[in-house]
Amino acid sequence: MLPTVDFCFKELMQNPKVRKGFISALLNLSPEEVEDTVLLPTLLSRDSADDKLGIMDVRVLLKNGTQMNMEMQVKYFEYWDERALFYLSKMFDSQIRKGESYEKLQKCIHVSILDFIHFPNDNKCYRRIHFRDDQTSQLYSDKMELQILELKKLPPEVKTGEDVLAWMRFFSSKSKEEFQNMAKTNEYLDEAYNTLLNLSADEKKRLEYEAREKALKDYNTQISSAEKRGLKAGEEMGRKAGVEIGKKLGEQEGERRTRQVFKLFMQGKSPEEIAGLCNISIDKVKQILE
């Protein structure tokens, strides 16, 4: 199983030790400092039936009250920023009810693990984003945070101590050898690797994983097919539009030349002179004048 398939990622995060190891890397803490992690319901509440439904991949509550939503996304998603902000805001909003104090609001973090290039203008594979003053860059509040991990931008080698990059390398691994190499990095990645082995050996989990993987492949095929059909339709529309534009331009040019021929004729020019000045044949001049 590959962790980039969201089903597999969710199953990995069900393991408390794996969850603790990954979260400690995201928070830049030692695993010992991450005392407890509790999985929360991933279905976000709605204030009314018309509100958009929010379903998270993995939602975790830490002992200090911090909430984290971690999402694995393989397919390119055009409005990912808006989606991440929506989920982060819903998570933040869901902490208090009517009449309760804003004092109860705790930090919320949205983690995007992306298997596509989201920021094409740099090579930075991991970033943390907060609200800051535009002029001074002073932190406005740390109560809402975005973390974005771009697996496609990983450097060739992961240096010792860069725990987040080690986890990213693990998530993007494709072969048994790659998983085994990453498992040697620390006990938490070793636990993740063993969890993967157990998941792969579980027939029911395997069937669920394959069903999800097939759905992703079918989606990619449909998108690719739609893009090809759209391109073909666009080319045909462009060709037809080009013919119409050419026809219209031809008509406009014909009208302009006709006016020019009559203007020269009214000035007393002979058909031969008009033909030379307009760069057309004498027969064409006579045809226009008739």
Side-chain angles (χ1 to χ4, degrees), residues 3-4 6-46 54-73 80-81 83-97 100-114 125-132 139-151 161-171 182 185-196:
T4 46
D6 51 8
F7 169 80
C8 183
F9 175 72
K10 293 176 188 178
E11 289 295 321
L12 278 175
M13 291 301 119
Q14 293 290 320
N15 184 312
K17 186 172 182 179
V18 174
R19 197 164 63 240
K20 175 182 281 193
F22 182 44
I23 290 173
S24 67
L26 292 171
L27 299 180
N28 196 26
L29 299 171
S30 67
E32 292 73 24
E33 292 179 85
V34 182
E35 298 182 40
D36 290 313
T37 61
V38 179
L39 288 174
L40 296 176
T42 55
L43 186 66
L44 288 168
S45 61
R46 295 188 289 184
I55 304 175
M56 301 177 173
D57 278 1
V58 180
R59 187 181 179 190
V60 178
L61 175 67
L62 306 185
K63 191 173 183 179
N64 65 0
T66 297
Q67 287 192 46
M68 300 181 72
N69 172 37
M70 299 177 284
E71 294 197 65
M72 177 69 73
Q73 181 70 21
W80 186 261
D81 290 336
R83 173 191 165 100
L85 287 171
F86 171 78
Y87 275 68
L88 179 61
S89 300
K90 290 286 286 183
M91 185 166 53
F92 192 72
D93 167 75
S94 67
Q95 294 181 87
I96 60 173
R97 288 182 166 76
E100 293 182 330
S101 172
Y102 293 119
E103 185 180 6
K104 291 184 62 178
L105 292 170
Q106 299 296 316
K107 184 171 184 174
C108 290
I109 304 172
H110 185 282
V111 182
S112 303
I113 309 162
L114 309 178
C125 65
Y126 172 62
R127 67 190 77 216
R128 298 171 65 188
I129 300 171
H130 295 86
F131 290 112
R132 294 186 180 275
L139 183 67
Y140 173 70
S141 172
D142 71 341
K143 288 293 180 73
M144 299 180 79
E145 178 182 322
L146 293 164
Q147 294 199 25
I148 302 175
L149 291 66
E150 295 177 89
L151 301 182
E162 296 179 301
D163 290 342
V164 170
L165 300 190
W167 279 95
M168 291 174 67
R169 178 69 67 196
F170 178 84
F171 289 141
M182 294 313 302
T185 306
N186 61 57
E187 62 179 291
Y188 299 94
L189 285 170
D190 183 61
E191 180 74 15
Y193 174 59
N194 287 317
T195 303
L196 267 186

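Sequential numbering from 1 along the given sequence is applied to the chain's residues.
- Using modelled atom types, no side-chain atom of Lys17 and backbone atom of Glu191 make a donor-acceptor pair closer than 3.5 Å.
- Annotation: Glu103, atom CD; neighbour count of heavy atoms from other residues, nucleotides and ligands within 6.0 Å does not exceed 12.
- Put simply, the side chain of Asn69 does not reach to within 4.5 Å of the side chain of Leu88, judged on heavy atoms.
- At least one test fails for Arg128 against the ring of Tyr126: distance under 6.0 Å to the centre or angle within 45° of the axis.
- Heavy-atom minimum distance, Gln106 versus Thr66: CB-N, 4.5 Å.
- In this structure, Phe86 CZ and Met91 CE are separated by 12.0 Å, a value rounded to the nearest 0.5 Å.
- Taking 4.5 Å as the limit, some side-chain heavy atom of Leu62 sits within range of a side-chain heavy atom of Thr37.
- Under a 3.5 Å cut-off, the side chain of Arg19 and the backbone N or O of Met13 do form a donor-acceptor pair.
- With a 4.5 Å cut-off on side-chain heavy atoms, Trp167 and Thr185 do not count as touching.
- For the atom pair NE2 of His110 and CE of Met68, the computed distance is 10.5 Å after rounding to the nearest 0.5 Å.
- The local environment of CG in Asn28 is sparse, with at most 12 non-hydrogen atoms from other residues, nucleotides or ligands closer than 6.0 Å.
- Not less than 6.0 angstrom separates the ring centroid of Phe170 from the ring centroid of Phe22.
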